[in-house]
Each structure stands twice: as structure tokens, then as C-alpha cells.
> 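Below is one structure. I have some questions about it.
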Amino acid sequence: MTGGERALWPAAPRRVHGSPELSLHTLSARSAMGEQLSPDEKFHLITRNLQEVLGEEKLKEILCERELKVYWGTATTGKPHVAYFVPMSKIADFLKAGCEVTILFADLHAYLDNMKAPWELLALRTQYYEQVIKAMLESIGVPLDKLKFIKGTEYQLSREYTLDVYRLSSVVTEHDAKKAGAEVVKQVEHPLLSGLLYPGLQALDEEYLKVDAQFGGVDQRKIFTLAEKYLPSLGYAKRVHLMNPMVPGLTGGKMSSSEEEDVKKKLKKAFCEPGNIQNNGVLAFVKHVLFPLNSEFVIHRNEKFGGDKVYTAYEEVEKDFAEELLHPGDLKAAVEVALNKLLDPIRKKFESPELRKLTNNAYPDPSKSKGGVKGNPKNSDEEEIIPSRLDVRVGKVISVEKHPDADSLYLEKVDVGEAEPRTVVSGLVAYVAQEDLQDRLVVLLCNLKPQKMRGIESQAMLLCASVEGDPRKVEPLDPPEGSAPGDRVFVEGYEAGKPDEELKPKKKVFEKLQVDLKISSEFVAQWKEKPLMTKLARSEAAQEGMGESDQCAVQMPRDLVDVTFRGRDASSNTHPLPPGVTAGLSRVTSFSAIWAS
């Protein structure tokens, strides 16, 4: 089940089947012209670009006998965003392969998911989702008459379904229910019973929708395996499970309902480092949305930069980008044109007074709601995203050992100037020796929501510099000489701001600031070319009569310097600074593959 507010973050994608893109486009064209595809051709169309398929043989058997019945569900919580084009393009594949597709608007699930959707707004948000999803499907050319739409409450409140919920609850263990929802349901120290019910209800949907397969992101895998384990105990069959990779975020923008989305501005901020094809949301959008929908991708550029080029396979785009024959600016410009083409019909549809009213009623302005203080930015979704909201501190690692249940994780105790040290879980075993962390001064983000990793709660995030390549290199940032545990690290010019008490995951404050964290040509950590600094180091530097720039700034370890800038464009003086990791924060793009369980 896709949550409306869930941002998509990368997992290391792999192709399940290696059919060339061109041949798959040929299959799509033949299907569109009404030609009958063979079971093998349907199989390749259904599974292209998926990360994993559970029940592959069963899928082949069904396709040899009849058309596949598949469903995709989305919890009607926050507004859908541009990443929804990823599952929409896959749904288009299913239809081209002759599948019978059901789209479930999971209104009851939305309420159970930690009450992200208030009960009084559920009906309105479900209407909004239906309008947006249908508009998205129409914009990519999917005929709606081939789809079935259904709301969860149309059958989930029935006597039969309710009895099956009780039957399922009598066989599913609390451990299995909590584990199944770990990647989907918001995890809290004292979980609500609703979060434990959520995975079981999603499993039962497969039976009550009478489908052969369920489609979702790979973050749904544990729910899918719970369904395979427990549905047979109720006398119901195992289903096939089709999983998309978790695609890197592109713009983070919402599907605008009344105003034109500033695609250019958001794409400008999207991570797209020259030659780097890892965790590249722009390339991912081309692969998972644009190529499945079109047989070609056109780059328009000046003749002196190579002139226009037409790509007929994604692999060609990726190859040219990796070899730096395709510039990020040209790639973003082409994606901007294609994305606006997809968004224009949606914008036009939502210009109607009826849909504007629906949008305002389904998602009322928090600042105008009862009890809200007028003009208080904390009651608005448009809070200012500035670095002073981050609680970044110097810490000293006082102990470090291997995580008892994960070979790739360190378990650290870090003094951050508080009465007790904080527990930090970091995925650095493959990159930093244990003895190199012991007693080391490091830089940590301290106001992320604590999350568990393999049973141990991590209470801060260790910030690192990283260098992509083979082998990959990762090294913790070095605070200025003379720093002490608890010293606040701030961005020059943002000293006065007060950090949030806790960064709300849905607001994605850190993720939005992260895109502008860089390493300068002087190997100093920066945000928008302003150095990260500490006041203590500044005063000590001044006392000693030294210049401030090197003495008080947070720096990148020098042993990464040569690798960082080798082979880079000489005109570029910055290098991306992906953060280090802490347990459970798989949304941090650079390390998501480490946390795959």
C-alpha cells in the first residue's frame, strides 16, 4: 500500500529480466494495436524494471491459462506527488499485457496508519486521490475503462471481512505483525494496535479483491511475505507479488492542484552529479517513467555541445551520462519538458472550481484551522527550510563495537555534551576501522526522530563525506581542532536560529537541506558555499591570531582528497556531501543499500 506522504528513496535496483528496452517498446506497440501477445511476451512486459517478483512460476502458469488479475493500493493520506508516475507507468505496462487491473483507494488503511488522515477528512481525501490518480493515468494515455476503482470501506466493513480480521489476528504473532509493517507503518516507541492490524488487512485485500497478484514497492516486501505465510492458514491461496524498486526522489514536489508546479526550480535542486549514475533521481525518472511510456527520449542542446540527440534505449542515456557525454543541465532540461507535458493535463483539470474546492476541503490550510494561531509559520506546510533548524553538534566516540545482529553496523556510544552519551548505529563497518572511530571527534545530527535498527534505537546521525567509485570511500567529517563534545555546529550566517526540538519525518527538512551540502575545493563542509563552523573553534582561532576559514570550519578528511577530485570537471569546485547513516534512516540515499534486510 503506498502512503500519500511517503517519499521514495533508493534501494540498489536490479533488473529481474534483461529484455532490451527496444523489444519491450515493440511489445507495447503491438499490444496497443490490438495484437495478441504470447504468454512469454506478457511476462516480460509485466516484469520489466521490477526489482523482485515473488511467485514467478505461478505468474507464468496463470499467463498460459488466462489474463492476470492484479491490484495496486494507495492509502489516501497526504497529496500524491510526482513519484506516483512510477507506479502509474507500471500499471500502463500491466494493461498493455492484457491484465485486469484494480486500483484500491485504501481509506481505512489511511486512518489506521497512525491517523495520518483524520476520519472526518477521509471521504474528501479519497475523492481527491481518485481525481488525481485518474488525471495522472489519463496524462500517460491509460484508458480508464480498462481499470476498476474501489474504496477499501466498500468491503472492509463487511461482516465477512471483519470475521476474517479476527481469524487472522488469532494466528499472526505480534512479532510478525510489527515486523511486516516496519517499512510502511510509522514506528513509535509505544505502537498503536492499529499499526499491527495494518499488514494483516492488506494481506486480506488480496482475497477480497479476488486477484492473482499484488503490486507495490519493495518496501512492501515484509507485508507480502506475511500474506504468503498466513493467508493459507485461513484457506486462501498465496498470491504473486510484484515489486518496484524504491526510486530516488526527483523533485519532492506535490501534484499541484491549482497552481503550476515550479518544475524548473525543483529540478535544479535535484541531485545529478556529472558522471554519477548512483542515487540519481533524474536518471531514475527517465528509466522508470519516461522510457516505459515513450519509445524515445530527446535531448535538445547547442551544436557546440554535440547538438540534439535522440535516445531509443535507457541504457544509452545512462552510458553517455556515466562517460560525461551528457551534461546534467541538458538531462534536466529534457526531463523538465517531459515532466511538464505529463503535468499539464492534470493542472488543466484541477483549474475547475469544483476540483479547487475539493482540494481546499480535503487539505485545509492548518493556519486557518480551529485552534491555529494566525500567521504562525509552524502551523503551515510552507515552513522556512533553513540550516539553523538542524541540531548539529560535535561528539566524541567513547565506545564502538559491532552491532550484535548486523555485521555491517557499528554500535557506538557518543558524548554530545549531555548527561548521558547517546547510542548511535552507523553503517560504517565496510568503510572505517573500529579503532579509527574510538575516541574520535565526529559531527552528528542530533534532532532526527530516533529509530530502531535491528532492535537497537539510534539517537543521532553521524555525518560523513563519501566518494563514489570502486571501491567506495566513506569517512566521518572532522570538526575543527579544539572542539569539544556538545559544541554546536552551524552554517555561517545562521548562528542565531534555534534548532527544531525534533525534525518531523514527513516535513523532510534535512532531506531538503541535504541537496546543498557540499565539500569545497578547500575540503571544507559547506551549505550553499557557506562553511559549517563552531563558535569555540572560531574564538580559539581568533585568540591565536589565525585566519578563520581553515581553523573553524568542519573539514573533510584529507585522505579522501585525491580520490574526490580525480577525474572531475576542473570548473567544478564542489563535491556532494551525502550524510553518514544511523539506524533506520534508509531514506538517506547514500546508504540505503547497506540497510537492506
> Looking at F321 versus Y311, is the centre-to-centre ring distance below 6.0 Å?
no
> Looking at E502 and K449, what are the two nearest heavy atoms and their distance?
OE2-CG, 3.8 Å
> Once the angle between the rings of H241 and F224 is folded into 0 to 90°, is it parallel (under 30°), tilted (30 to 60°) or perpendicular (over 60°)?
parallel
> Would you call I46 and C99 a side-chain contact if the rule is heavy atoms closer than 4.5 Å?
yes
> Where do V310 and V298 come nearest, in terms of heavy atoms and distance?
CG2-CG2, 4.2 Å
> Kindly indicate whether the side chain of D205, heavy atoms from C-beta on, has any atom under 4.5 Å from the side chain of V211.
no
> Spell out, as yes or no, whether a donor-acceptor pair under 3.5 Å connects the side chain of N276 to the backbone of Q278.
yes
> If every non-hydrogen atom of A110 is compared with every non-hydrogen atom of T77, which pair is closest and at what distance?
CB-CG2, 3.7 Å
> Regarding Y314 and N49, do their side chains bring together a donor and an acceptor under 3.5 Å, going by distance alone?
no
> Under 3.5 Å, is there a donor-acceptor pair between the side chain of R389 and the main chain of E384?
yes
> Determine whether the side chains of N361 and R356 contain a donor N or O and an acceptor N or O closer than 3.5 Å.
no
> If you measure from CD on E65 to NZ on K60, what distance do you get to the nearest 0.5 Å?
14.5 Å
> Distance-only, no hydrogens or angles: does the D107 side chain make a donor-acceptor pair with backbone N or O of G152 under 3.5 Å?
yes
> If the threshold is 4.0 Å, N to carboxylate O, is there a salt bridge linking R221 and E52?
yes
> So Y71 and F215, ring pair (Phe, Tyr, Trp, His ring centres under 6.0 Å) or not? Walk me through it.
CA-CA 6 Å; Y71 100 89; F215 166 60; 9.8 Å; no
> With a 4.5 Å cut-off on side-chain heavy atoms, are L147 and T102 touching?
no
> Could you check whether any side-chain N or O of N280 sits under 3.5 Å from a backbone N or O of V282, counting only pairs where one atom can act as donor and the other as acceptor?
yes
> To the nearest 0.5 angstrom, please state how far the CG atom of D320 sits from the CD1 atom of I277.
12.0 Å
> Could you tell me if the side chain of M243 sits less than 4.5 Å from the side chain of V53, heavy atoms only?
no
> Is the closest basic N to carboxylate O distance between D212 and R239 below 4.0 Å?
no
> Say whether Y236 and E207, considering side chains only, have a donor N or O and an acceptor N or O under 3.5 Å apart.
no
> Should L209 and Y155 count as side-chain neighbours, where that means a heavy-atom distance under 4.5 Å?
yes
> I need the minimum non-hydrogen distance between H109 and Y198, along with the two atoms involved.
O-CE1, 3.3 Å
> Give a yes or no on whether the backbone of L112 and the side-chain of S194 come within a donor-acceptor separation of less than 3.5 Å.
yes
> Within the side chain of R301, is there an N or O that forms a donor-acceptor pair under 3.5 Å with the backbone of D308?
no
> Measure the spacing between CD of E318 and CG of L331 and express it to the nearest 0.5 Å.
11.5 Å
> Is the distance between the ring centroids of F305 and H327 under 6.0 Å?
no
> Quick check for you: to the nearest 0.5 Å, what is the distance between L108 atom CG and E154 atom CD?
12.5 Å
> State whether a side-chain donor-acceptor pair under 3.5 Å links Q202 with Q220.
yes
> Would V70 and V240 count as a side-chain contact (heavy atoms from CB on, under 4.5 Å) here? Give the steps.
CA-CA 9 Å; V70 60; V240 176; over 6 Å; no
> Below 4.5 Å, heavy atoms only, C-beta onward: do E160 and Y208 meet side chain to side chain?
yes
> Can you find a heavy atom in the side chain of P345 that is under 4.5 Å from one in the side chain of M136?
no
> May I ask you to decide if A270's main-chain N or O and K332's side chain share a donor-acceptor pair within less than 3.5 Å?
yes
> Give a yes-or-no answer on whether the side chains of Q156 and K151 include a donor-acceptor pair shorter than 3.5 Å.
no
> Relative to each other, are the rings of F85 and F285 parallel, tilted or perpendicular (30° and 60° limits)?
perpendicular
> Please round to the nearest 0.5 Å and tell me the distance separating atom CD of Q514 and atom CD of E511.
7.0 Å
> Looking at every heavy atom in both P292 and R48, which two are closest together, and how far apart are they?
O-NH2, 3.3 Å
> Counting C-beta onward and ignoring hydrogens, is there a side-chain heavy-atom pair between V289 and L342 closer than 4.5 Å?
yes
> Let me see the working for F350 and Q131 under side-chain contact (heavy atoms from CB on, under 4.5 Å), right down to the final yes or no.
CA-CA 9 Å; F350 273 81; Q131 293 296 331; 3.9 Å; yes
> Mind running side-chain contact (heavy atoms from CB on, under 4.5 Å) on L196 and L193 for me, showing each step along the way?
CA-CA 5 Å; L196 300 179; L193 183 58; 4.3 Å; yes
> Taking all non-hydrogen atoms of both residues into account, name the closest pair between A180 and I223 and its distance.
O-CG1, 3.2 Å
> Apply the test side-chain contact (heavy atoms from CB on, under 4.5 Å) to residues R347 and N340: give CA-CA distance (whole Å), side-chain angles for both, the deciding distance (0.1 Å), then the verdict.
CA-CA 10 Å; R347 294 171 182 145; N340 275 320; 2.9 Å; yes
> Are D330 and K309 close enough for a salt bridge, meaning some N to O gap below 4.0 Å?
no
> Please check if atom NZ in K69 has more than 12 non-hydrogen atoms from other residues, nucleotides or ligands closer than 6.0 Å.
no
> What do you reckon, is CZ of R159 surrounded by more than 12 foreign heavy atoms closer than 6.0 Å?
no
> Strictly below 4.0 Å, N to O, side chains only: are K134 and E130 in salt-bridge contact?
yes
> Assert yes or no for the condition that the ring centre distance of Y129 to F105 is strictly below 6.0 Å.
no
> Rounded to the nearest 0.5 Å, how far apart are CG of L231 and CG of L226?
8.0 Å
> Ring centroid separation for Y128 and Y363, is it under 6.0 angstrom?
yes
> Counting only N and O atoms by type, is there a donor-acceptor contact under 3.5 Å from the side chain of T74 to the main-chain atoms of L104?
no
> For the backbone of L355 and the side chain of K349, can you confirm whether one donor and one acceptor N or O come within less than 3.5 Å of each other?
no
